[in-house]
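The next block holds one structure in the form of structure tokens; read it before the comments.
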Amino acid sequence: MPLTPLDIHNKEFGRRLRGYDEDEVNEFLDQVIKDYESIIRENKELQNQILGLQERLNHFSNIEETLSKTIIVAQEAADEVRSNAKKEAQLIIKESEKNADRIINESLSKSRKVSLEVEELKKQASIYRARFRTLVEAQLELLGQEGWDSLNAENQQISHSSSTVTHLTAEHLQRG
């Protein structure tokens with residue numbers, strides 16, 4: 001057990017002949033007591049400072065640990081967000097490619113259909129033109145003949161030609 005200033009103060013030494021000067025010893029002991037008390041006070045202050053600094057160190061260590069964990073969580077979250085964004089971008093690209101393929105296929109199909117319709121209309125126009133030419137040529141041939149039998153025969157021919165033109169025109173309109 002360490003000495004206290006009171007232990008030093010209360011310490012009594014035995015007397016002998018030719019011993020030390022009692023006043024000098026007492027003065028020295030008083031000085032030792034003061035220095036010892038000062039050292040004890042300083043030691044307690046330093047221990048209090050150490051405790052305070054240890055508490056601050058623990059506090060900052062906790063903050064450091066929390067920040068470290070927070071940074072790790074933030075990094076993981078950022079990695080997850082980046083990964084999800086990449087996956088979503090890939091899905092958008094795939095869907096866009098599918099839509100582009102669908103649009104191209106639909107356009108090609110419509111183009112083929114329009115092309116077939118144009119070909120059919122060209123055939124019908126060619127048939128109509130040939131029939132109309134035949135009719136006009138027949139009419140010109142009739143006009144070129146001299147000596148028509150009678151006006152009645154003309155009326156029949158004209159009536160027949162008119163009905164043929166009407167028939168061909170109606171037929172053409174029904175197809176187109």
Side-chain angles (χ1 to χ4, degrees), residues 1-130 132 168-176:
M1 179 155 137
L3 287 176
T4 65
L6 190 59
D7 292 337
I8 296 171
H9 180 64
N10 291 334
K11 176 70 177 164
E12 289 194 23
F13 297 96
R15 294 177 194 228
R16 292 197 181 163
L17 264 156
R18 293 183 170 192
Y20 291 107
D21 181 6
E22 196 175 321
D23 290 334
E24 278 184 42
V25 169
N26 285 337
E27 277 181 36
F28 181 75
L29 285 176
D30 287 341
Q31 183 63 40
V32 169
I33 289 171
K34 286 179 187 174
D35 289 348
Y36 196 70
E37 285 176 344
S38 173
I39 289 174
I40 289 174
R41 242 188 333 271
E42 187 179 328
N43 191 15
K44 282 190 178 192
E45 288 175 9
L46 290 174
Q47 285 179 349
N48 287 338
Q49 282 182 354
I50 288 173
L51 286 175
L53 291 173
Q54 186 63 44
E55 286 177 7
R56 287 183 68 193
L57 179 63
N58 289 342
H59 174 72
F60 288 124
S61 292
N62 287 338
I63 289 174
E64 180 185 19
E65 185 178 336
T66 302
L67 287 174
S68 189
K69 287 178 182 177
T70 302
I71 289 171
I72 290 170
V73 168
Q75 182 64 41
E76 288 172 353
D79 291 344
E80 186 175 338
V81 166
R82 188 178 304 118
S83 174
N84 288 342
K86 191 174 183 179
K87 287 177 185 175
E88 188 173 337
Q90 288 173 346
L91 287 174
I92 289 171
I93 289 170
K94 284 182 183 178
E95 190 165 325
S96 296
E97 288 172 348
K98 285 180 184 177
N99 284 340
D101 287 343
R102 181 184 49 81
I103 290 169
I104 289 170
N105 288 337
E106 286 176 0
S107 297
L108 287 174
S109 176
K110 286 180 183 178
S111 173
R112 286 184 198 114
K113 185 178 178 182
V114 167
S115 179
L116 290 174
E117 288 176 0
V118 166
E119 288 300 317
E120 182 62 28
L121 287 174
K122 284 180 181 179
K123 286 179 187 176
Q124 289 177 6
S126 178
I127 291 170
Y128 177 75
R129 196 175 324 134
F132 191 69
L168 286 174
T169 304
E171 186 178 305
H172 177 67
L173 289 176
Q174 285 177 351
R175 287 186 187 161

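Just the heavy atoms: all of them, side chains too, but no hydrogens, waters or symmetry mates, feed the values below. Each residue takes its place number in the sequence, starting with 1.
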Lys86 side chain reached by Ser83 side chain, heavy atoms, under 4.5 Å: no
With a 4.5 Å cut-off on side-chain heavy atoms, are Glu27 and Gln31 touching? no
Is there a donor-acceptor pair under 3.5 Å between the side chain of Ser61 and the backbone N or O of Leu57? yes
For Asn62, is there any backbone N or O sitting under 3.5 Å from a side-chain donor or acceptor partner on Thr66? yes
More than 12 non-hydrogen atoms from neighbouring residues, nucleotides or ligands closer than 6.0 Å to CZ on Phe132, yes or no? no
Working to the nearest 0.5 Å, report the span between [atom1] of [X] and [atom2] of [Y].
X      : Y      : atom1 : atom2 : value
Asn84  : Asp79  : CG    : CG    : 11.0 Å
Leu53  : Asn48  : CG    : CG    : 11.0 Å
Leu108 : Arg112 : CG    : CZ    : 5.0 Å
Leu46  : Ile39  : CG    : CD1   : 11.0 Å
Tyr36  : Asn43  : OH    : CG    : 9.5 Å

Do the side chains of Lys69 and Glu65 get close enough for a salt bridge, i.e. N-O under 4.0 angstrom? yes
The complete set of side-chain hydrogen bond (donor to acceptor under 3.5 Å, both in side chains) pairs with one or both residues in residues 90-104, sequence neighbours excluded, reads Arg102-Glu106
Have a look at Glu120 and tell me which of Lys122, Gln124, Glu117 forms a side chain to side chain contact (heavy atoms under 4.5 Å, CB included) with it. Gln124
